[in-house]
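Reviewing the structure listed below.
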Amino acid sequence: MVGSYKNYINGKWINSKSGKIFKSYNPANGSVLGTFQFSNSEDVDAAVDAANKAFKSWSETPPPKRAEILLKVAEILKKRKAELGKLVTQEMGKQLKEGLGDVQEAIDIFEYMHGEGRRLLGYTTTSELSKKFSMTIRRPIGAVGLITPWNFPIAIPAWKLSAALICGNTVVFKPATDTPLCAVKLIQVLEQAGIPKGVVNLVTGNGSEVGENIVKHPKLKAISFTGSVEVGRSIAENAGLKKVGLELGGKNPIIVMHDADLDLAVDGVLWGGFGTTGQRCTAASRVIVHRAVLHKFLNKLLFKTKQLTIGDGLKCDVGPLINAHQLHKVHRYVMIGIQEGAKLLCGGKIIEGKGNFYEPTIFTNVTKDMVIAREEIFGPVICVMPVSNFDEAIEVANSVDYGLSSAIYTNNVDLAFEAIEKLEAGLTYVNSSTIGSEVHLPFGGVKNTGNGSREAGIEGIHEFSETKTIYVDYSGKLQKAQIEDD
Ligand code: NAP
Ligand code: MG
């Protein structure tokens, strides 16, 4: 018997008004993990109401007090890391070490944002008038909507929840339809940590109904969204005047220069390309290799790729894709790559049998105008793109509409710094893969990867708060800025 799970609205676990449910499946074997509420607009309204009612007292709670709950969340997550990490693997598919990493990232961000409870820094500055004091403070925004994807089913909700809550906002949270159980478990942890009723509300259900209702809701003040560019665009159109944070897709390059440590680069490419079965927004899907080392690099890459084990993430290196739709989408892209004239080095097949498994796939001779070099595949597919020099490498790297992560392997410090300057991306790694963000640094991208917002670190605080500017005039007379005295 699997569990049946409910929405969490105003501090209570309740059924959807729709009377409908949906299931979550383990992508490695198709087993059912639980049933969940297929919510509708009435449920969203109830959650928004609860969030608005709770806003006054939560926003007036001193931030260090709010922070105590966040620290408690981190402590509970630490105790339950093994159990929840396994659940991430069972519901999302990534290998167990990464499932545990997902939970660790949540622990880290709750701890970090707990510390922000004693900072939430504004600044003081000078005034152009005497006896006048100027400063800024950070204020909460209000009741906010959070919408998340399935690929980091604990970590991404944790990034948003921790920052939203420490800033004094209340929340309506809609997780991805593919990973509702991880979301329910995380909200149970917040409940156990003592989050007051109405401060966090969970509504499960699909994007076109629950998601759109949240985005359009007149009583929510901000939306924080992580997901695809396509949905991101619709959110920008539907959200009206709300503050909107969009963290969207990527087509992230790793440049391997002629002087790179090739073994190090191969390890980075494997981790970036096939980690999380390529289903990361920061996945290394393009590998731009200097021709002088191409042959040697490919031999090493192929050798190590063949050693990867594919199967249930609890036991293997490369887990399943999230669902059958994604599996077939990846395969369609591989067929397109072959038609476009890219050379298939290995992989390229759906693995028959139970589960959504795809062979780790490497293309070489990929050129920048090919579809497989421009569009986000979100699967275990690496496109190797040979180049003749550094300038060409940068040009190829920047030739896509995305700009999330990027990396360069070189032992030449001049080239490393030039790449840092020239790569069009929100993140650049030197001698390390495209993945590996830490929670105290900002995360986000340029170009179509977003709308300029950043999550995590201090910038995560900025996403979920508004700046208020304060002037205190203690001169005892009417002083006028910009106006000359008579
Ligand atoms: P998605 O299809 O865009 O869905 C993301 C979330 O939006 C889900 O909760 C989805 O609900 C919901 N949604 C769908 N349609 C909606 C609508 N019209 N209005 C409001 N919400 C809607 O993305 P995904 O397939 O879950 O995730 C993969 C994508 O996320 C990739 O493009 C990846 O690069 C990106 N991503 C970006 C980052 C980053 O930080 N930049 C991190 C991770 C992933 P349903 O689940 O019910 O469809
Ligand atoms: Mg599932």
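Just so it is clear, the values below take in all heavy atoms, side chains as well, and ignore hydrogens, waters and symmetry mates. Sequential numbering from 1 along the given sequence is applied to the chain's residues. Ligands are counted one by one from 1 in listed order, and the atoms in each one are counted from 1 as well.
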Checking a contact table here: which protein heavy atom is nearest [atom], and how many Å away?
{"atom": "atom 41 (N) of ligand 1", "answer": "Leu248 O, 2.6 Å"}
{"atom": "atom 13 (N) of ligand 1", "answer": "Gly207 CA, 3.4 Å"}
{"atom": "atom 46 (O) of ligand 1", "answer": "Thr177 N, 2.8 Å"}
{"atom": "atom 28 (C) of ligand 1", "answer": "Phe378 CE2, 3.6 Å"}
{"atom": "atom 8 (C) of ligand 1", "answer": "Thr148 O, 3.3 Å"}
{"atom": "atom 27 (O) of ligand 1", "answer": "Pro149 CB, 3.3 Å"}
{"atom": "atom 21 (N) of ligand 1", "answer": "Gly211 CA, 3.7 Å"}
{"atom": "atom 12 (C) of ligand 1", "answer": "Ile147 CG2, 3.7 Å"}

Measure the distances from the heavy atoms of [X] to every atom of ligand 1 and state whether one is below 4.0 angstrom.
{"X": "Phe225", "answer": "yes"}
{"X": "Ile156", "answer": "yes"}
{"X": "Gly232", "answer": "no"}

Under a 4.0 Å threshold between the charged nitrogen and the carboxylate oxygen, would [Y] count as salt-bridged to [X]?
{"X": "Lys78", "Y": "Glu111", "value": "yes"}
{"X": "Lys251", "Y": "Asp401", "value": "no"}
{"X": "Glu395", "Y": "Lys368", "value": "yes"}

Do any N/O atoms on [X] end up under 3.5 angstrom from N/O atoms on ligand 1?
{"X": "Asn151", "value": "no"}
{"X": "Asp178", "value": "no"}
{"X": "Trp150", "value": "yes"}

Just checking, is any N or O donor in the side chain of [X] or [Y] under 3.5 Å from an acceptor N or O on the other one?
{"X": "Asn151", "Y": "Thr276", "result": "no"}
{"X": "Glu209", "Y": "Asn213", "result": "no"}
{"X": "Asn252", "Y": "Ser285", "result": "no"}

Do Lys94 and Phe152 form a cation-pi contact, if we require the NZ or CZ to be under 6.0 Å from the six-membered ring centre and within 45 degrees of the ring's axis? yes
Which ligand 1 atoms are under 4.0 Å away from a heavy-atom of [X]?
{"X": "Asn206", "result": "47 (O)"}
{"X": "Gly205", "result": "47 (O)"}
{"X": "Glu247", "result": "37 (C), 38 (C), 39 (C), 40 (O), 41 (N)"}
{"X": "Pro175", "result": "9 (O)"}
{"X": "Leu404", "result": "41 (N)"}

More than 12 heavy atoms from other groups under 6.0 Å of CZ on Arg374: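 Yes, enclosed.
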Can you confirm whether Lys81 is buried at NZ, in the sense that more than 12 heavy atoms of other residues, nucleotides or ligands lie under 6.0 Å from that atom? yes
Given [options], which one has a non-hydrogen atom that is nearest to [atom]?
{"atom": "atom 18 (N) of ligand 1", "options": "Glu212, Glu237, Arg280, Glu209", "answer": "Glu212"}
{"atom": "atom 35 (C) of ligand 1", "options": "Ala155, Gly444, Gly227, Pro153", "answer": "Gly227"}
{"atom": "atom 5 (C) of ligand 1", "options": "Val231, Thr204, Thr226, Thr276", "answer": "Thr226"}

Sidechain-backbone polar pair: Asp102 side chain, Ile154 backbone, donor-acceptor under 3.5 Å: yes
Spell out, as yes or no, whether a donor-acceptor pair under 3.5 Å connects the side chain of Lys243 to the backbone of Ser465.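 Indeed, once roles are kept as given, a pair shorter than 3.5 Å links the two residues.
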Tell me every residue that passes salt bridge (charged side-chain N to carboxylate O under 4.0 Å, His left out) with Glu83, counting only those two or more places apart in sequence or in another chain.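 Listed in chain order: Arg80.
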Please state which part of Glu376 comes within less than 4.0 Å of ligand 1, counting heavy atoms only: side chain, backbone, both or neither.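 The answer is the side chain.
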Examine the proximity of ligand 1 to Phe443 and report which part, side chain or backbone, both or neither, has a heavy atom under 4.0 Å away. side chain
Are the side chains of Lys86 and Leu314 in touch, meaning some heavy atoms are under 4.5 Å apart?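 Contact flag for Lys86/Leu314 side chains = yes.
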ring-ring contact (aromatic ring centres under 6.0 Å, His included): pairs with one or both residues in residues 419-466, sequence neighbours excluded: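 For residues 419-466, and leaving out neighbouring residues, the ring-ring contact (aromatic ring centres under 6.0 Å, His included) pairs sorted by first residue read Trp159-Phe443.
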